[in-house]
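Since the structure comes first, as structure tokens, the remarks are kept for the end.
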Amino acid sequence: QVQLMESGGGSVQAGGSLRLSCVGSKYAFRVDCVGWFRQDPGKEREAVAAIFHGSPYYADSVKGRFTLSQDTAENSVYLQMNNLKPEDNATYYCAAGCRSGSWRVAGSYAYWGQGTQVTVSS
């Protein structure tokens with residue numbers, strides 16, 4: 001069982017930046033197969049970005065603002081979020097253990113973290 005731990009969430013003003021981290025607990029965690037999703041209460045979980053089977057993907061809403069990076073030695077994947085907007089408010093989840101399918105679909109990942117809250121004020 002791969003355990004994932006997110007960190008780096010917080011409260012910022014619009015235009016600010018945050019860097020989320022996702023650390024995997026076991027050797028089975030692969031930094032070339034990690035997704036980031038977000039969810040607001042009452043809304044569906046939305047795919048934000050992923051390194052999926054080795055290739056990077058971004059949702060249109062975050063392209064040019066969010067950037068993925070990875071550190072194999074630290075078993076970590078990072079999501080740098082710049083120029084944050086109020087619509088980025090959500091709990092952000094890290095997912096790993098890519099299966100076949102689309103990077104955008106939650107069911108394409110086997111393991112999930114507990115989430116970290118991002119709050120952007122206008």
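Nothing here was measured: the structure is a model prediction, and the numbers come from that model.
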Exercise. Checking side chain to side chain contact (heavy atoms under 4.5 Å, CB included) for the pair Trp36/Cys94: CA distance, chi angles, key distance, verdict?
Worked result: CA-CA 5 Å; Trp36 286 96; Cys94 171; 4.0 Å; yes
For this session: Kindly work out whether a path of hydrophobic side-chain contacts (I/L/V/M/F/W/Y, heavy atoms less than 4.5 Å apart) joins Leu20 to Tyr93.
Result: no
Side chains of residues 40-49: which donor-acceptor partners sit under 3.5 Å, not counting sequence neighbours?
from	atom 1	to	atom 2	distance (Å)
Arg45	NE	Gln39	OE1	3.1
Arg45	NH2	Gln39	OE1	3.2
Glu46	OE1	Arg38	NE	2.9

Exercise. More than 12 foreign heavy atoms under 6.0 Å from CD of Gln13: is that the case here?
Worked result: no
Exercise. Is the number of heavy atoms from other residues, nucleotides or ligands within 6.0 Å of CD (Gln80) greater than 12?
Worked result: yes
For this session: Assign the ring pair Phe66 / Tyr92 to parallel, tilted or perpendicular, where the plane angle (0 to 90°) is split at 30° and 60°.
Result: tilted
Exercise. Between atom CE of Met81 and atom CG of Leu18, what is the distance when rounded to the nearest 0.5 Å?
Worked result: 4.5 Å
For this session: Could you list the residues that satisfy salt bridge (Lys or Arg N to Asp or Glu O under 4.0 Å) with Asp32, not counting sequence neighbours?
Result: Arg30
For this session: Quick one: pull up CG in Asn89 and CD in Gln117 and give me the separation to the nearest 0.5 Å.
Result: 7.0 Å
For this session: Begin with the C-alpha distance, continue with both residues' side-chain angles, and end with the deciding distance and a verdict on salt bridge (charged side-chain N to carboxylate O under 4.0 Å, His left out) for Asp88 and Lys85.
Result: CA-CA 5 Å; Asp88 296 318; Lys85 303 177 180 180; over 6 Å; no
For this session: List in chain and number order the residues that pass side-chain contact (heavy atoms from CB on, under 4.5 Å) with Val23, two or more places apart in sequence or in another chain; answer none if no residue qualifies.
Result: Ser76
Problem set entry | Check against side chain to side chain contact (heavy atoms under 4.5 Å, CB included), Val77 and Leu68 | CA-CA 7 Å; Val77 171; Leu68 289 160; 4.3 Å; yes
Exercise. Which atom names give the shortest non-hydrogen contact between Ile51 and Cys98, and what distance separates them?
Worked result: O-SG, 4.4 Å
Exercise. When rounded to the nearest 0.5 angstrom, what is the spacing between CZ in Arg65 and OG in Ser17?
Worked result: 10.0 Å
Problem set entry | Cluster overlap Leu79 with Leu84, hydrophobic side-chain contacts below 4.5 Å | yes
For this session: Could you tell me the separation between the CE atom of Met5 and the OG1 atom of Thr116, rounded to the nearest 0.5 Å?
Result: 10.5 Å
Problem set entry | Which atom of His53 lies closest to which atom of Cys33, heavy atoms considered | N-SG, 3.6 Å
For this session: Taking all non-hydrogen atoms of both residues into account, name the closest pair between Ser122 and Ala14 and its distance.
Result: CA-CB, 4.3 Å
Exercise. Under a single-linkage definition using a 4.5 Å side-chain heavy-atom cutoff for Ile, Leu, Val, Met, Phe, Trp and Tyr, are Val12 and Tyr78 assigned to the same hydrophobic cluster?
Worked result: no
Seminar exercise, completed: The single option from Tyr109, Tyr57, Phe52 that satisfies ring-ring contact (aromatic ring centres under 6.0 Å, His included) with Trp103 is Tyr57
Problem set entry | Check: Ser108 side chain, Ser102 main-chain N or O, donor-acceptor pair, under 3.5 Å | yes
For this session: Please round to the nearest 0.5 Å and tell me the distance separating atom CD of Glu74 and atom OG1 of Thr72.
Result: 10.0 Å
Exercise. So, does Arg19 use its side chain to make a donor-acceptor pair with the main chain of Gly8 at under 3.5 Å?
Worked result: no
For this session: With rounding to the nearest 0.5 Å, note down the distance linking CD in Glu6 to OG1 in Thr91.
Result: 9.5 Å
For this session: Determine the minimum heavy-atom distance between Gly35 and Ala50, stating which atoms define it.
Result: CA-CB, 3.7 Å
